[in-house]
Amino acid sequence: MTDWPYNPDADPYRDGLARGVILMQTCGACGRVQFPPRVRCLRCGAAEVEWSEVDGAGIVYAKTVNRRPAEEAFAALVPYAVALVDLDVGVRVMARAGVAADQVQTGGRVVVYPDPEPPVLPGLLFRPVAG
Amino acid sequence: MGGSSFEFQVASADAAIAAGLCTTAVITYANTPRQDRRVAQPPRPDPSYIFRDTYERPTGLLSPDIGPYALATDRYMWEFGVTSEQLAEVAVASRHWAAMNPKAFRYGQPLTIEDVLATPLISDPLHTGDCCLITDGGGAVVLTSHERARDLRTEPVAVLGFGTAISHGVVLVSDDLIRTGSRVSGGAAFGMAGLSPADVDVTQIYDSFTSTVLLTLEGLGFCGDGEAGSFVEGGRIRPGGAFPLNTSGGGMSYCHPGRFGIFLLIEAVRQLRGECGERQVAGAEVALAHGTGGNLSSSATVIMRKGAVDD
């Protein structure tokens with residue numbers, strides 16, 4: 001696997017993915033969940049941000065289907081869908097579909113989960129769910 | 001700022017000249033990606049692109065190229081019911097204009113909506129026919145003081161207003177992918193110029209992808225939210241239509257050597273000087289050039305008028 005980008009703010013997130021959980025920051029002052037991780041709360045500026053596991057349920061904000069691989073490690077997956085997913089906890093993530101691209105609907109309910117076999121770097125997958 | 005760098009540079013140059021920091025500024029660009037047959041390389045870890053590398057690259061999104069624009073286009077079509085045919089009209093209209101520009105890369109190559117829709121999808125919903133060209137090319141723009149311009153041999157074109165905006169780094173952190181920074185940059189430019197969209201005679205909008213044009217038409221206020229798909233129909237943006245757009249043939253049919261923004265300015269000036277031959281827009285007095293760059297993330301608008309102005 002490729003080296004993790006130099007992004008110490010995201011180390012707990014990366015370590016969580018390796019353990020199969022999605023860890024995100026919650027502001028200790030205003031209670032807002034934020035992603036990507038930052039050194040402070042982007043809304044209120046508080047320095048007290050705490051890491052905890054979040055639920056991966058959400059809605060597809062936008063999707064695309066890659067007909068070409070972004071890099072060689074994705075070649076066997078083509079065509080694959082990538083989406084921006086708005087999680088119910090109030091943050092947006094980018095994830096690749098763990099199902100066939102034609103099963104992905106914009107506006108559809110999905111659940112996001114750590115990719116157990118990431119092609120290049122630790123990341124997120126999603127799959128449609130009922131409702 | 002990518003392809004919109006040149007519109008940002010007009011803003012910087014205009015301010016520098018107004019402040020007396022310089023009298024004349026030259027904005028240039030040249031690139032040969034076609035001759036070089038340059039192929040996109042996998043992203044290398046780079047602290048400058050930390051969010052892209054950390055949160056986008058693991059998904060396999062085609063970024064920073066088509067992927068972010070494809071996501072915005074999908075959302076746009078879903079939210080407003082805009083169709084692939086309406087997107088394709090942007091490419092087809094540009095080809096009609098290119099038919100009157102002998103320098104255009106696609107000169108003498110007619111194109112129909114059906115042709116565009118028959119091209120392969122790359123990153124749904126965008127086909128290859130929704131994408132700009134890869135060509136060689138270059139250009140330059142000279143800006144100088146109003147006082148100096150009055151003494152020159154060529155007819156001057158005055159910068160009446162400009163505006164710039166950076167809306168996000170990567171699409172992940174954009175709150176709203178389809179209401180772009182053109183709302184901010186366009187509002188500032190029109191405000192500085194004391195004009196409204198109805199005052200513009202000829203318009204040049206960066207056409208990196210067909211959808212970029214539709215989103216920008218809405219952002220600049222030429223039509224309402226979700227209306228650009230129907231706005232471009234019926235020949236309105238083709239030669240002879242009520243809204244002459246991308247009269248050089250644009251990045252889709254004229255040229256696109258990596259960054260097209262310089263050519264938006266050049267075509268605007270040529271139209272205002274009446275130098276465009278067969279594709280000349282009759283009576284063009286006010287022109288707008290709008291660049292979009294990065295991940296649909298940088299926007300810059302320049303409004304120009306024919307002739308010298310008093311300081």
Between chain A and each of B/T54, B/I122, B/L121, count heavy-atom pairs under 4.5 Å; write down the option with the most.
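Highest number of pairs under 4.5 Å: B/I122.
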
Among B/S123, B/G67, B/G60, B/A72, single out the residue with the greatest number of heavy-atom pairs under 4.5 Å to chain A.
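Of the candidates given, the most pairs with chain A belong to B/G60.
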
Contacting region of B/L126 [heavy-atom separation from chain A under 4.5 Å]
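No part of it gets close to chain A.
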
Heavy-atom distance under 4.5 Å to chain A: side chain of B/S174, backbone, both or neither?
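Only the backbone of B/S174 comes within 4.5 Å of chain A.
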
Hey, could you give me the NE2/CZ distance between B/H127 and A/R67, rounded to the nearest 0.5 Å?
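Atom-to-atom, B/H127:NE2 and A/R67:CZ are 9.0 Å apart.
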
With rounding to the nearest 0.5 Å, note down the distance linking CG in B/L61 to CE in A/M94.
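One finds 5.0 Å between CG of B/L61 and CE of A/M94.
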
Would A/L84 and B/R75 count as a side-chain contact (heavy atoms from CB on, under 4.5 Å) if you check the C-alpha gap in whole Å, the side-chain angles of each, and the deciding distance to 0.1 Å?
CA-CA 10 Å; A/L84 291 168; B/R75 180 71 191 186; over 6 Å; no

Would you name the heavy atoms of [X] and [Y] that are closest together and state the gap between them?
| X | Y | answer |
| --- | --- | --- |
| A/R92 | B/L172 | O-CD1, 3.2 Å |
| B/Y55 | A/P36 | CE1-CB, 3.4 Å |
| A/G123 | B/P58 | CA-CB, 3.8 Å |
| B/W78 | A/T106 | NE1-O, 3.1 Å |

Step through the shown structure and confirm whether more than 12 heavy atoms of other residues, nucleotides or ligands are within 6.0 Å of CG on A/L77.
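Yes - once you tally the heavy atoms of other residues, nucleotides and ligands closer than 6.0 Å, there are more than 12.
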
After noting the C-alpha distance and the side-chain angles of A/L124 and B/T59, does the key distance pass the side-chain contact (heavy atoms from CB on, under 4.5 Å) rule?
CA-CA 7 Å; A/L124 295 167; B/T59 69; over 6 Å; no

Would a distance-only check, ignoring hydrogens and angles, find a side-chain to backbone donor-acceptor pair under 3.5 Å from A/Y61 to B/D176?
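The answer is no, because no donor-acceptor pair under 3.5 Å joins these two groups.
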
Check: A/T64 main-chain N/O paired with B/D124 side-chain donor or acceptor under 3.5 Å:
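Here the side-chain-to-backbone pair does not exist.
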
